[in-house]
Every structure is written in structure tokens, then in C-alpha cells.
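We're numbering straight along the sequence, starting at 1. Since this is a predicted model, take the numbers as computed values, not measurements.
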Amino acid sequence: MSKRDYYEVLGVDSSASDQEVKKAFRRIAMKYHPDRNPDDQKAEEKFKEAQEAYEILGDAEKKSAYDRFGHAGVDQNGAGHSAGGFGDVFGDVFGDIFGGGRGRGGPARGSDLRYDLQLNLEDAVKGKTVQIEVPTTVSCDACNGSGARKGTVPVTCDTCNGAGQVRMSQGFFSVQQTCPKCHGRGKIITDPCGVCHGQGVREERKTLSVKIPPGVDTGDRIRLSGKGEAGPQGGPTGDLYVQMHVREHDIFARDGSNLHCEVPISFAHSALGGELEVPTLSGKVKLKIPSETQSGKLFRLRGKGVSPVRGGPQGDLLCRVVVETPINLSNEQRELLKTFDESLNGKSKHSPRSNNWFDGVKKFFDNLTG
């Protein structure tokens, strides 16, 4: 029976890079590996087919021969049976699936932790030192983190001889896996500590001081090295990542290094102009409103924004004025507004945008009827 095209087997095209070929093989191998599909003949066949395709397409010389002559260009080498060098490739691809990428014969590293920190905008912009309480694990005092009862020590694993890895053979290939007996540690605890039950760690809540630099924003994080969970059996400690979440502000909205706010002004103020006080994160400032200012006008206050945490110029504060329509008018106020409106008498010089808009509407309908 003729073989399937190797590119088709891996689901890539002939222009795929080495990394794309490797990624495709990895995906298929993870799905159909015999260890994950025991007693599944079809899965094993798909795995071997992908393995054979990767052996060719993952080797520059073999790939070149295959591209020129097809299967005939590589079958003479016994594709799928020339194991020279393929074990290294196989181990590289599967290292983190079966534990090969972990340190051999040593205790595992403790887990990293994440702490979600809620900040208000002022603290995020100016910076602050905060105290946080984190549930974590620390080294067991009773056994000094070894996991073995006091007065005893772990013994070398007799399955892997302390290497933490074993090589398993299946058919014409072999793969290095984490030792199933010692789980990659290379040591066995025969007499576990009664306090930590052989884990070498115990639970504890830590209070930590975290310095928040000025300018952080949602999505930024601070890494505290060695403040994560303690590693089992004396392994190295993981890290703590403090994730920033900046709460919404009642007045300001942040956009990178700039701040935005809306400033309501009265109709009279927008028409006549004047000064008003607007807030910034560093105090109040005077904002000059020119006469005849339209609703939506944007005013920029330079240097009143945020200094970026990674450096760069300080941002600006952008104030958008919104003309507020008065409500709850008295009868006298209504009459005054009517008198004022009549005094304008639809003159275009007072309402140029309105007149231009109505002129445009008239032309639109004239074109429709014309």
C-alpha cells in the first residue's frame, strides 16, 4: 500500500519552517502516543506514521531528497528505521511531556504563585508600598525540608539509580521518561517525616511588603523571586507574581500615559466663556474656556497625565467639555429662554452648524425628488 504524503501526515505545507514541522509533530504525537492510548492499534499506527514523517521532514538532507524525489528519495535509507540521531530529536520534542525537561536526580522546584492586587488609580499612578497576605508552603522545620523523619535520610532509588529518569523501549524506538518510582527525584523516603508526611513542606500564610512603582497599569505584574511555594524534599522555592488590577475611577479614564475626563459646563458658560477649576491627580488647575465653545471640545493639559512605569514622557490630561442642558426650569426662566431664542430669529451667524445641516438636508431631499 502506498504511503501518505509526509506533509499531509503532519498537516503542514512544503514551505513550513523547522519549528512549524516540529510543532505539528508534537501535537499529533501528544494525541496518539501509545502511553496515552494503551491497546489502541489505530492510535499507535498514527503515531508511527507521524514519527516517520517527522524523521524525514525534520532532517534537512532527508527533507531535500523527499522534496525532489518523493518517497523514492528516502526509502533507500529505510525511513523509520535509521535511529541515528532521532532519539535526540524525539527526546527534545517529548521532554516536557514525559518529564525529560526537568532536572534529573534532584528535588522539584516549588510552584510559582499569583496574587491579584486591586489598586485605585491614584496609587497606581503615584506608586505605593502595600502589605499582602499570601497562602503558601514553606520548608518543614521538623525535617529541615528533606521529607525524612529526623535522624534518617532518603535513600537512592533502585529503579533509576538516582538519575530520576528511565529509558523505555517500544518497538524500534525508545524514550526517556521520569522514573515512576521516585517521580524524578532520584531518592526514596523510606521513613517519612510525621509532620509533613514526606513532602518536606507545610502550609503557612505569609505577610509580604510589595513596593508598587509609579505608573503601573492593569496587566502589569511584579515578580518576587523566591516568594512562591517551597519545593518538596528541599527543592528550590518558586516565585510570586503580583498581578495589577486598577479599579475604574469616578472621574478619570486612563489610556496609556494619558488621562481623560468629562467636564460639564452650562450653556451660558460655553457661550460667554470664562474660567473653571478642573481636578487633576496632583490637585486643582484653572481651565480657560473661550467664548462660543461647542459641546465636545477637547482641552489638553500637558504633563497632567501618567509617567509610564517603563519610562518615557509624562502623559497629558484631556478634558472634554459637555454643555449641560438646564432642567427643572421655572416659568420665568422658560419665558426668558423663549425671548432669547426669538431674538436669534434663526440667523445663520448665531447657529452656523445648525443652518448648514438643514441646508444639507434640504439638498438631499431635493435630489431625491429631482
Side-chain angles (χ1 to χ4, degrees), residues 1-109 111 157-186:
M1 183 174 63
S2 60
K3 295 180 181 179
R4 279 209 299 158
D5 177 72
Y6 288 145
Y7 290 108
E8 181 184 342
V9 170
L10 297 184
V12 298
D13 57 41
S14 58
S15 62
S17 66
D18 292 344
Q19 283 299 113
E20 290 171 331
V21 170
K22 183 176 181 179
K23 184 177 180 181
F25 171 57
R26 173 192 173 92
R27 174 178 51 79
I28 296 172
M30 287 179 68
K31 182 177 180 180
Y32 294 112
H33 192 276
D35 286 356
R36 293 189 170 186
N37 301 273
D39 303 321
D40 188 336
Q41 186 63 35
K42 289 186 177 181
E44 183 176 352
E45 290 174 359
K46 287 182 178 292
F47 175 78
K48 290 180 178 179
E49 184 181 43
Q51 179 192 350
E52 179 179 322
Y54 182 65
E55 183 180 359
I56 299 301
L57 300 184
D59 182 289
E61 289 187 16
K62 293 178 181 179
K63 180 178 182 297
S64 177
Y66 180 73
D67 288 342
R68 294 176 63 191
F69 306 109
H71 289 289
V74 293
D75 282 347
Q76 59 186 354
N77 295 323
H81 298 280
S82 56
F86 187 72
D88 293 336
V89 174
F90 192 79
D92 178 49
V93 173
F94 284 91
D96 59 346
I97 302 175
F98 300 106
R102 301 174 184 165
R104 301 182 185 180
R109 179 178 179 272
S111 297
C157 174
D158 57 5
T159 299
C160 64
N161 296 319
Q165 304 282 317
V166 293
R167 185 169 290 278
M168 307 291 290
S169 297
Q170 184 171 353
F172 56 85
F173 68 91
S174 64
V175 61
Q176 189 166 278
Q177 298 183 1
T178 300
C179 176
K181 187 172 183 179
C182 68
H183 304 292
R185 301 184 184 110

**Message:** Could you check whether D18 pairs with K22 (Lys NZ or Arg NE/NH1/NH2 to Asp/Glu carboxylate O, under 4.0 Å)?
**Reply:**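 The answer is no: the pair does not qualify as a salt bridge.
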**Message:** Assess whether a salt bridge exists between E52 and K48, defined as any Lys/Arg side-chain N lying under 4.0 Å from an Asp/Glu carboxylate O.
**Reply:**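 Salt bridge between E52 and K48, a charged N being under 4.0 Å from a carboxylate O: no.
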**Request:** Give the minimum heavy-atom separation between V9 and A50, together with the two atoms involved.
**Result:**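 Looking at all heavy atoms of both residues, the shortest contact is CG1-CA, 3.8 Å.
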**Residue pair A53 / L10: nearest heavy atoms and the distance that separates them** =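 It is CB-CG, 4.0 Å.
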**Item:** Value rounded to 0.5 Å, distance of CD in E44 from CD in Q51
**Value:**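 With rounding to 0.5 Å, CD (E44) is 10.5 Å from CD (Q51).
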**Item:** Pairwise distance OG(S64) to CG(L57) - rounded to 0.5 angstrom
**Value:**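 So the OG of S64 and the CG of L57 are separated by 12.0 Å.
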**Request:** Check the surroundings of atom CD in E8: do more than 12 heavy atoms from other residues, nucleotides or ligands lie under 6.0 Å from it?
**Result:**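 Count over threshold, so yes.
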**Message:** Under a 3.5 Å cutoff, is there a donor and acceptor pairing between the side chains of Y7 and K63?
**Reply:**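 Yes, because at least one side-chain N or O of Y7 sits under 3.5 Å from a partner of the opposite role on K63.
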**Prompt:** Taking atom types as modelled and ignoring hydrogens, do the side chains of Y66 and D5 form a donor-acceptor contact shorter than 3.5 angstrom?
**Reply:**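 Looking only at side-chain atoms, D5 and Y66 do form a donor-acceptor pair, the distance falling under 3.5 Å.
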I want to check something: taking the side chain as every heavy atom from C-beta on, are [X] and [Y] in contact at a cut-off of under 4.5 Å?
X	Y	value
T159	C182	no
M30	R26	yes
K46	I28	no
Q165	Q177	no

**Request:** Taking the six-membered ring for Trp and the full ring for Phe, Tyr or His, determine whether the centres of F25 and Y54 are under 6.0 Å apart.
**Result:**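 Yes - the distance between ring centres of F25 and Y54 falls below the 6.0 Å cut-off.
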